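From a predicted model like this one, the values you see are computed outputs, not experimental measurements. In what follows, every heavy atom counts, from backbone to side chain, and hydrogens, waters and symmetry copies are set aside.
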Amino acid sequence: MSFINFIEQVKKQNGVLLLPHPYEGHPKNLIETIAKSVDIIETYNPRCTSDQDSRAKVLAKKLNKPEFFGSDAHLPSELLNVVVYLEGEASEEGLKHAILNNKMKLLRSEKVYVRNITLSQFIKSFKQKKFSI
């Protein structure tokens with residue numbers, strides 16, 4: 001499925017498009033094009049550098065997109081690295097409304113240790129059988 005077709009299908013189904021960690025893992029020449037097509041931009045990710053987060057925040061402001069704060073937890077110990085508060089009613093629609101209207105507040109943010117990133121990549125390689133001793 002093409003990128004444009006994917007965007008159309010999500011919109012047709014009343015879905016929400018999030019650009020996670022814009023400056024990590026995406027083609028540099030397509031970041032702004034992708035960002036223009038999404039509804040929300042992740043501006044804080046514990047696995048990204050502070051510089052990448054800052055650039056994502058600038059991008060979200062430039063394109064007038066709501067900000068999203070994700071934990072990107074790969075290990076159980078990382079689950080509380082990000083804690084957010086969402087204003088609004090506790091329902092699927094309330095959640096969607098809060099996120100799309102910038103009603104998400106970052107209460108706790110803690111960057112992931114490099115050793116955790118290394119460990120999660122090791123586990124991923126092992127599961128995919130791309131690891132040898």
Short N-O contact, Lys11 and Asp39, less than 4.0 angstrom
yes
Any side-chain heavy atom of Ile34 within less than 4.5 Å of one from Phe3?
yes
Are any non-hydrogen side-chain atoms of Leu95 and Leu86 less than 4.5 angstrom apart?
yes
Taking Glu24 first and then Arg47, would you say they form a salt bridge - that is, a charged N and a carboxylate O separated by under 4.0 Å?
no
Are Met104 and Tyr85 side-chain neighbours, meaning at least one heavy-atom pair lies under 4.5 Å?
no
Any side-chain heavy-atom pair of Val112 and Asn81 under 4.5 Å:
yes
Nearest heavy-atom approach of Ala35 to Leu63 is CB-CD1, 3.5 Å
Among side-chain atoms of Lys65 and Asn102, is any donor-acceptor pair under 3.5 angstrom?
no
Under 4.5 Å between any side-chain heavy atoms of Ile41 and Phe68, yes or no?
no
Residue pairs meeting salt bridge (charged side-chain N to carboxylate O under 4.0 Å, His left out), one or both in residues 104-113, sequence neighbours left out, come to Asp53-Lys111, Arg108-Glu110
Can you check whether Glu32 reaches Lys62 side chain to side chain, under 4.5 Å on heavy atoms?
yes
With sequence neighbours left out, the residues meeting salt bridge (Lys or Arg N to Asp or Glu O under 4.0 Å) with Lys103 are none
Do Leu19 and Leu17 belong together in a cluster built from hydrophobic side chains that touch within less than 4.5 Å?
yes
Sequence-distant partners of Glu42, side-chain hydrogen bond (donor to acceptor under 3.5 Å, both in side chains), two or more places apart:
Asn45
Go through the side-chain N and O atoms of Ser91 and Glu93 and say whether any donor and acceptor fall under 3.5 Å apart.
no
